[in-house]
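Structure, as structure tokens:
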Amino acid sequence: VTYGVLISGFAKDGNSEAAENWFQDLRSKGLPLNQIIYSSIINAHCKAGNMRRVEELFLEMEKLGYPAALGIYNTIMDGYVTLRDENRCLEIFRKIKDTGIQPTIVTYGCLIHLYIKMKKISRALEVAKEMQSNGIVHNKMTYSMLIDGYVQIGDPLNAFLVFEEMMEAGLKPDVVTYNILVHAYCKQGDMGKALAILGHMKKEGHTPTLQTFTSIIDGFAKHGDVRLAMETVNRMKRSGLRPSATTYNVMMNALVQERQMNKALSILDEMILAGIAPNKRSYTILMEGYACIGEVGLAFAFFNRIKDEGLEVDVITYGALLKACCKSGRMQSAREILREMADAGFECNPFIYNTLLDGWAQRGDMWQAEEVLQEMKNGGFSPDICSYTSFLNACCKAGDMQRAAETLEVMRNAGIQPN
RNA sequence: CAUGAACAGCACGAUACU
């Protein structure tokens with residue numbers, strides 16, 4: 001029991017190392033293990049994404065003859081949801097059914113969550129249907145996930161339709177549901193409505209959370225009111241909430257959009273002083289700013305800082321570096337970055353190709369631009385409106401209006417309307 | 001009346017023109 005308390009405590013704390021150590025300690029003492037211990041240690045590793053270890057433990061547990069409760073399956077599935085591993089999730093789901101266990105709403109919730117995260121709403125709806133056909137009715141969480149799914153893909157209309165359905169089902173929205181609605185309005189820039197929801201949720205006795213405020217701050221920032229954004233930060237602090245890394249990122253992004261790099265940097269300082277560790281997004285936001293003003297060196301400096309601090313880089317980080325090069329005409333450096341990116345195992349996506357296209361276009365190099373277009377197609381992506389606009393730009397800069405006119409045709413034939 | 005697990009939902013970064 002004592003070990004169980006410790007292991008589950010560390011699991012909750014997100015410290016899978018410590019949990020594992022206590023688990024080993026317990027085992028070396030030859031004390032009896034049981035399902036509770038296993039579910040705690042599996043939980044710890046799921047939260048940390050150590051799914052290899054999870055599988056090991058699970059097999060071990062089965063071998064020792066402890067029956068796997070549904071809760072463990074759900075926990076493991078959730079671990080794979082975080083990793084967006086659809087195949088493993090489905091395998092587990094199948095296994096649950098094969099074992100003759102009835103999936104619960106939590107099981108279905110995990111699957112719905114998976115598809116929402118993958119932005120495959122239609123699949124999420126199918127799962128919901130199957131759930132209902134098995135006699136399980138939606139609860140606040142499953143509804144909230146669907147509402148959020150629509151918000152994420154920029155379809156507030158359907159989001160609100162689901163919300164109404166939820167109300168009609170007699171379910172009262174909770175903080176998370178309200179946060180999702182606030183987010184929906186903020187995304188559209190309808191700040192009046194967002195604030196109205198804020199007022200309403202308070203009236204219903206729900207205390208706004210970090211997410212509530214951060215959505216509002218971001219909404220103001222992205223829709224042209226940095227001042228109100230910053231005032232909201234103060235309002236949030238007065239209400240007793242400390243800004244999180246996300247909140248600081250939102251603030252920096254607001255300032256970066258206005259090219260107030262020094263102010264953005266002072267937010268970074270404030271963040272560190274507050275004991276909040278910047279993450280890769282924090283630095284990418286700054287890199288973007290420097291890229292836009294042609295400060296290639298500073299963009300690189302922050303890129304190195306990400307690595308130095310042991311944080312991961314990703315395609316978006318590389319994209320910011322590329323942009324820094326392309327915007328300042330340093331196409332040779334851009335090439336090198338592409339190579340480095342490929343070596344690091346990242347594939348080009350349309351954003352990357354379009355950044356490159358833009359780089360060549362600005363120099364009026366229609367030929368290199370054409371090559372990128374071709375590579376893009378070879379890479380399995382169809383050029384989009386951005387690609388063609390850049391290419392047109394390249395043609396015009398190169399003085400080849402004939403080619404520009406042809407490109408317009410090509411676009412139309414590809415089903416892309418010039419805007 | 002006193003010890004452990006049991007699980008799912010919300011906020012931030014990238015491409016052209018504007």
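All chains are named by letter (A, B, ...) in the order of the sequence lines, taking the proteins before the strands, and each is independently numbered beginning at 1. What you see is a predicted model; the values in this text were computed from it and never measured.
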| task | Compute the centroid of each ring, for Phe303(A) and then for Tyr318(A), and state whether the two points are separated by less than 6.0 Å. | result | yes

| Under 3.5 Å, is there a donor-acceptor pair linking the side chains of Glu91(A) and Asn87(A)? | no

| query | With a non-hydrogen cut-off below 4.0 angstrom, is Lys12(A) in contact with a base, only sugar-phosphate, or nothing? | reply | sugar-phosphate

| Within the side chain of Thr104(A), is there an N or O that forms a donor-acceptor pair under 3.5 Å with the backbone of Val106(A)? | yes

| Side chains of Cys395(A) and Met401(A) in contact at under 4.5 Å (non-hydrogen atoms) | no

| task | Classify the nucleic acid contact of Asn43(A) as base, sugar-phosphate or nothing, counting any heavy atom under 4.0 Å across all strands shown. | result | sugar-phosphate

| message | Counting only heavy atoms and a strict 4.0 angstrom limit, can you tell me which residues of residues 275-294 of chain A come near RNA chain B? | response | Arg281(A), Thr284(A), Ile285(A), Glu288(A)

| request: Quick one: label Thr177(A) by what it contacts on the DNA or RNA (base, sugar-phosphate, nothing), any heavy atom closer than 4.0 Å. | output: base

| Do Asn393(A) and Ser390(A) get their side chains close enough for a donor-acceptor pair, meaning under 3.5 Å? | no

| query | Does a donor on one side chain sit under 3.5 Å from an acceptor on the other, for Thr317(A) and Asp314(A)? | reply | yes

| request: Quick one: label Val5(A) by what it contacts on the DNA or RNA (base, sugar-phosphate, nothing), any heavy atom closer than 4.0 Å. | output: sugar-phosphate

| query | Which part of the nucleic acid does Ser387(A) contact within heavy-atom distance under 4.0 Å: base, sugar-phosphate only, or nothing? | reply | nothing

| Which part of the nucleic acid, if any, lies within reach of Val106(A) when heavy atoms closer than 4.0 Å are counted: base, sugar-phosphate only, or nothing? | base

| With a 3.5 Å cut-off and no angle check, do the side chains of Ser215(A) and Asp218(A) form a donor-acceptor pair? | no

| request: Go through Glu370(A) and Arg403(A) one step at a time and tell me if the side-chain contact (heavy atoms from CB on, under 4.5 Å) criterion holds. | output: CA-CA 11 Å; Glu370(A) 189 167 10; Arg403(A) 187 63 198 273; 3.0 Å; yes

| field | Smallest separation among heavy atoms of Tyr290(A) and Ala299(A), with atom names | value | CB-N, 4.0 Å

| message | At 4.0 Å (heavy atoms only), tell me whether Gln362(A) reaches a base, stays on the sugar-phosphate, or touches nothing. | response | nothing

| task | Flag the pair Tyr178(A) / Phe163(A) as yes when their ring centroid distance falls below 6.0 Å, and as no otherwise. | result | no

| query | Going by heavy atoms closer than 4.0 Å, what residues in residues 344-354 of chain A are next to RNA chain B? | reply | Asn349(A), Pro350(A), Phe351(A), Asn354(A)

| note | Note: chain A reaches RNA chain B at heavy-atom distances under 4.0 Å over the stretch, first to last nt, 5' to 3', of U3(B) to C17(B)

| When all nucleic acid strands are considered with a 4.0 Å heavy-atom cut-off, which category describes Leu356(A): base, sugar-phosphate, or nothing? | nothing

| Sorted by number, the residues of residues 74-83 of chain A with heavy-atom contact under 4.0 Å to RNA chain B | Asn74(A), Thr75(A), Asp78(A)

| request: Name the nucleic acid region contacted by Lys327(A), choosing base, sugar-phosphate or nothing; use a 4.0 angstrom heavy-atom cut-off, strictly under. | output: sugar-phosphate

| query | Can you check whether Ile136(A)'s main-chain N or O pairs, donor with acceptor, with Asn134(A)'s side chain at less than 3.5 Å? | reply | no

| request: With sequence neighbours excluded, tell me which residues meet ring-ring contact (aromatic ring centres under 6.0 Å, His included) with Tyr115(A). | output: none

| Excluding sequence neighbours, so at least two apart, what forms side-chain hydrogen bond (donor to acceptor under 3.5 Å, both in side chains) with Asp155(A)? | Asn158(A)

| said: Just to be sure I understand the rule, does Lys140(A) reach a base, reach only the sugar-phosphate, or reach nothing, if contact means heavy atoms closer than 4.0 Å? | reply: base

| request: Identify whether any heavy atom of Gly109(A) sits under 4.0 Å from a base atom; if not, whether one sits that close to sugar-phosphate; answer base, sugar-phosphate or nothing. | output: base

| request: Ignoring hydrogens and angles, state whether a donor on the side chain of Glu17(A) or Asn21(A) is under 3.5 Å from an acceptor on the partner side chain. | output: no

| request: Would you indicate what Leu6(A) reaches in the nucleic acid, counting non-hydrogen atoms under 4.0 angstrom: base, sugar-phosphate, or nothing? | output: nothing

